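A short write-up of the structure that comes next.
Count residues from 1 along the sequence. As a basis for the values below, the full set of heavy atoms in this structure was taken, side chains included, without hydrogen atoms, waters or symmetry mates. Bear in mind that the values here come from a model prediction, so they are computed numbers and not experimental data.
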Amino acid sequence: MAKVLIIGAGGVSQVVTHKCAQVPEVFSDIVLASRTEEKCKNIAKSVKAKTGRDISTAQVDADKVLELVALIKDVQPQLVINVALPYQDLTIMDACLETGVHYLDTANYEPLDTAKFEYKWQWAYQEKFKAAGLMALLGSGFDPGATNVFTAYLAKHYFDEVHTLDIIDVNGGDHGYPFATNFNPEINIREVTAECRHWENGQFVTTDAMSQQQKFTCPEEVGTYDIYRMYHEELESLTKHYPSLKKAQFWMSFSDNYIKHLEVLGNVGMTGIEPVEFEGKKIVPIQFLKTLLPDPSTLGPRTKGKTCIGCYVSGVKDGKEKTAYIYNICDHQECYKEVASQAISYTTGVPAMIGAKMMLEGKWMQAGVWNIEQLDPDPFLADMNKYGLAWKVIDNANFDLTC
């Protein structure tokens with residue numbers, strides 16, 4: 001039985017709060033805080049209607065360590081679940097260290113003024129957390145998160161040595177808008193437009209954003225989609241922790257409509273992250289664009305279709321080459337029925353709850369800063385099956401990912 005403080009009030013927070021409320025034997029008390037407390041109250045009302053549980057709310061500016069420290073001291077949680085913006089990871093980690101509280105997030109730190117995804121800033125906290133006897137779990141979403149655990153599970157049970165890894169994220173959902181993003185527009189567009197990096201022969205190779213494209217046919221009749229190679233943060237930690245990897249790539253599906261809109265917006269400067277002068281004020285184009293696009297948390301009732309996210313791995317077992325594919329399929333409408341959210345937020349929020357559960361139950365709890373693949377994948381994947389993200393393995397799968 002533990003009290004948790006959830007920071008952030010977007011679509012993922014809605015799912016995390018709902019799922020924590022479904023497990024009262026672990027999450028006995030839940031406090032939800034963000035810059036806009038009204039958003040927290042709306043989530044609390046939704047959770048009350050679905051589960052009957054009361055959720056406390058609070059206001060906090062996660063950019064300010066002093067405010068965070070004051071809130072944590074007042075709430076006195078055992079764990080802070082960070083589902084705020086990636087820019088705020090370090091301030092929340094600092095506040096956790098000062099107050100002696102464990103930490104979990106779903107995405108690695110990103111500087112506000114640079115579209116750069118690296119773990120180095122958070123890995124630098126290793127000795128601080130270890131000395132304090134505190135645990136920080138990084139990247140407990142889906143990708144990163146479940147995809148890291150998928151890789152660890154295959155490496156543990158299906159391979160003696162892993163050689164290639166292709167993480168494939170397909171969203172077959174349709175929300176009906178001409179252009180919208182399935183999670184925070186600013187983070188999504190920065191991520192998609194950043195230059196691509198993939199791991200090959202012991203180093204990262206840089207190419208233009210989404211310059212490699214191919215088709216991928218999902219299992220269970222989800223469909224065939226265009227997937228584009230891009231950089232994603234789990235490649236950095238997975239290639240570090242699985243040094244036998246000779247090649248590692250991340251792929252994500254996009255429709256022609258999304259690509260065309262993104263190209264036009266980029267051409268006219270609307271995806272820029274540098275401030276520009278407008279009517280005597282400094283504005284950041286991508287932040288202005290965010291205000292014009294649909295709020296991802298409102299997409300749930302209109303999104304239909306399924307996601308299919310998994311890892312295709314090759315390597316050696318008992319001296320023989322082999323492959324395996326591990327994946328989850330999630331239905332947007334089923335997610336909305338359960339927690340009033342579309343599947344992108346659901347697939348991120350459920351692993352955040354499970355990661356927190358693993359820590360609070362003592363199955364993963366150990367001092368220091370940890371990426372999720374460094375821990376035992378078996379109890380985590382058992383809970384994915386239990387709490388809404390069932391997964392399957394296709395042994396000796398055969399996909400033609402030629403790039």
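Looking only at distances, a side-chain donor or acceptor of K3 sits under 3.5 Å from a matching main-chain atom of V75. For S244 (side chain) and V162 (main-chain N/O), a donor-acceptor pair under 3.5 Å exists by modelled atom type. With K19 contributing its side chain and Y387 its backbone, the two residues share a donor-acceptor pair below 3.5 Å. Between the side chain of S28 and the backbone N or O of A2 there is at least one donor-acceptor pair closer than 3.5 Å. Using modelled atom types, one side-chain atom of Q14 and one backbone atom of A340 make a donor-acceptor pair closer than 3.5 Å. Using a distance-only test at 3.5 Å, with no hydrogens or angles considered, a donor-acceptor pair links the side chain of N385 to the main chain of W391. Between the E67 side chain and the D61 main chain, a donor and an acceptor come within less than 3.5 Å of each other. Although no hydrogens or angles enter the test, the distance criterion places a donor-acceptor pair under 3.5 Å between the side chain of T323 and the main chain of A397.
Considering only heavy atoms from C-beta on, I6 stays 4.5 Å or farther from I55 through its side chain. Put simply, the side chain of F142 reaches to within 4.5 Å of the side chain of N328, judged on heavy atoms.
Each of Y119, W121, Y125 was compared with Y109 under the ring pair (Phe, Tyr, Trp, His ring centres under 6.0 Å) criterion, and only W121 meets it.
One side chain, Q22 or E338, offers a donor N or O that lies under 3.5 Å from an acceptor on the other. Between the side chains of H198 and T207, not a single donor N or O lies within less than 3.5 Å of an accepting N or O. Side-chain atoms of W123 and N371 form a donor-acceptor pair, as typed in the model, at a separation below 3.5 Å. Judged purely by distance below 3.5 Å, without hydrogens or angles, the side chains of N148 and E234 never pair a donor atom with an acceptor atom.
Scored by the salt bridge (charged side-chain N to carboxylate O under 4.0 Å, His left out) test, D376 finds K156 as partners (sequence neighbours excluded). Listed by chain and number, the residues in a side chain to side chain contact (heavy atoms under 4.5 Å, CB included) with T291 are F288 (sequence neighbours excluded).
Counting only residues at least two apart or on different chains, the side-chain hydrogen bond (donor to acceptor under 3.5 Å, both in side chains) pairs with a member in residues 82-93 are D63-Q88, N82-D89, N82-Y103, Y87-E186.
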**Q.** Trace of the salt bridge (charged side-chain N to carboxylate O under 4.0 Å, His left out) decision for K306 with E220
**A.** CA-CA 11 Å; K306 297 179 179 181; E220 302 183 36; over 6 Å; no

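Atom OH of Y225 is separated from atom SG of C308 by 9.0 Å, given to the nearest 0.5 angstrom. Once rounded to the nearest 0.5 Å, the distance linking CZ of F150 with CD1 of I309 reads 8.5 Å. Atom CG of L137 sits about 11.0 Å away from atom CE of M358, to the nearest 0.5 Å.
With F27 as the aromatic partner, K357 does not meet the cation-pi criteria of under 6.0 angstrom to the ring centre and within 45 degrees of the ring axis.
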